[in-house]
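What follows is a short report on a single structure.
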Number of protein chains: 2
Amino acid sequence: MPRVSDMKERLMDAAMDLIWENSYGATSVDAICERAGAKKGSFYYFFKSKSELAAAALEDCWNKKKAEMDSIFSPTVPPLERFDRYFNFVHDRLAEVQKKCGSILGCPFISVGSEVSTQDQIVRETIDRIMDRKLNYFVSAVRDAAAEGVIDAPDPVAKARALFSCYQGMMAQARIQNDIELLRGFKEVAIEVLGVKRTSAMSSS
Amino acid sequence: MPRVSDMKERLMDAAMDLIWENSYGATSVDAICERAGAKKGSFYYFFKSKSELAAAALEDCWNKKKAEMDSIFSPTVPPLERFDRYFNFVHDRLAEVQKKCGSILGCPFISVGSEVSTQDQIVRETIDRIMDRKLNYFVSAVRDAAAEGVIDAPDPVAKARALFSCYQGMMAQARIQNDIELLRGFKEVAIEVLGVKRTSAMSSS
DNA sequence: AAAATAGTTGACTGGTCAGTCTATGCAGTT
DNA sequence: AACTGCATAGACTGACCAGTCAACTATTTT
């Protein structure tokens, strides 16, 4: 086999960075190439359009996060503690990114999804799929919590979806207001949304 | 005084329609002009940039909604019923828009806000202000509900914000999935987030 | 070393973008 | 009829946009 290249990776990473920080519409192919150190030709050698690259970049971004998600939402961890760990993890990650770029960027899937949903079916469907996979971690945790009797959840999917939406909403607001403090108190909101019984609160880290 | 023109209004309406249906980035000044039946010269006679028009259009959109909000959230209405009416109102409105344009568009402030927050301070601040005013309706209702004893709310602002985020998150998801059904069951979520006491549920319309 | 595969280069195209400018129309005032 | 303030017209600019293409380079296989 001839030489191998990491350019495809670099293009996806560059795209993800720029799209997350700015937006899909405000990110040009030229800008992506510049950041990746690629020329136009290379871009269109690996991807047949900007929208296909965006879909690939989002998918790739998810795949990189997946291992961490599996660890945080491991069935060996008590279900409510999974949420606790997850919210802390996201908070720390956003704070870290803020140091680099000066802004709270929130969840890229929600931002980009809202932006392109009516215009770009490829990207829309990719995000739809990713969000669904993300939701499933919540569903399992809610189910396990109900099985342990720490919450009541006659409809675990509905309850998981409620918590999920709530979290996504908070992140969108945090991005708009550029204020991470909104996410700080999310654990209390989660307890209320889940309807955690008074005897079995989450750890108070 | 010479002739009066409704062109400024028409430009704002056209901009709002296009931006809500597509996105800020995907909406060109030319497209706005075409829909408003205006020429470039008129556009730049009334607004000094695209971003200033967007801010004006969003502000104008809010002002048009304000009267309806005042009526829905009137202090003469029992506090929990205010939420009930509001969620129904938004649901019906989104369903109506869907008939015209084929998509569930969600909340324009959240979508546009997430899109432009890191790039356009004028628009960002406008949306920030609007969201805050919107939140205040929630805060008053939560306070009134607490005063009546139908919920416990040691921190009414936090509770209102939690419900608000939750609702915004659901709308963002409804847009991405193009599915209004997500909003149908929001009343039950609201009851849980607010922690409504079992004796005082919302009306079951 | 020749061939084949995998990746790179950068000039180029044609269209669209936000924004500018000068000329013009239209109504009420003097 | 001339003046004045508001509003419209639409051609124009130069930057930038996504995407194309034919020539080129580097590595491995035969």
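Each chain gets a letter, A, B and so on, in the order its sequence line appears, and its residues count up from 1. Since the structure is predicted, the reported quantities are computational estimates derived from the model, not experimental observations.
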Presence of salt bridge, A:D17 and A:K100, under 4.0 angstrom: no
Sugar-phosphate only, base, or nothing, as touched by B:T27 at under 4.0 Å among non-hydrogen atoms: sugar-phosphate
With a 4.0 Å cutoff (strictly under), does any side-chain N or O of [X] reach OP1 or OP2 of [N]?
{"X": "B:S5", "N": "D:dC6", "value": "no"}
{"X": "A:K40", "N": "C:dG10", "value": "no"}
{"X": "B:Y45", "N": "D:dA7", "value": "yes"}
{"X": "B:K39", "N": "D:dT8", "value": "no"}

Interatomic distance, [X] [atom1] vs [N] [atom2] [rounded to whole Å]:
{"X": "A:F43", "N": "C:dG10", "atom1": "CZ", "atom2": "C1'", "result": "16 Å"}
{"X": "B:D30", "N": "D:dA9", "atom1": "CG", "atom2": "P", "result": "15 Å"}
{"X": "B:M7", "N": "D:dG5", "atom1": "CE", "atom2": "P", "result": "23 Å"}
{"X": "B:Q119", "N": "C:dA18", "atom1": "CD", "atom2": "P", "result": "13 Å"}
{"X": "B:Y24", "N": "C:dA18", "atom1": "OH", "atom2": "C1'", "result": "10 Å"}
{"X": "B:F47", "N": "C:dT20", "atom1": "CZ", "atom2": "P", "result": "15 Å"}
{"X": "A:I32", "N": "D:dA18", "atom1": "CD1", "atom2": "P", "result": "8 Å"}
{"X": "A:E9", "N": "C:dG7", "atom1": "CD", "atom2": "P", "result": "13 Å"}

Near-ring test B:F83/B:F138, centroid separation under 6.0 angstrom: yes
A:Y137 ring center within less than 6.0 Å of A:Y86 ring center: no
Residue [X], side-chain atoms from C-beta onward, closest of [options]:
{"X": "B:V29", "options": "C:dA18, D:dA7, D:dA18", "result": "C:dA18"}
{"X": "B:S28", "options": "C:dA18, C:dT9, D:dA18", "result": "C:dA18"}
{"X": "A:Y44", "options": "D:dA7, C:dG19, D:dA18", "result": "D:dA18"}

Steps toward side chain to side chain contact (heavy atoms under 4.5 Å, CB included) verdict (A:M171, A:I110): CA-CA 9 Å; A:M171 287 214 281; A:I110 272 276; over 6 Å; no
Cationic tip of A:K50 above A:Y24 ring, under 6.0 Å, 45° of axis: yes
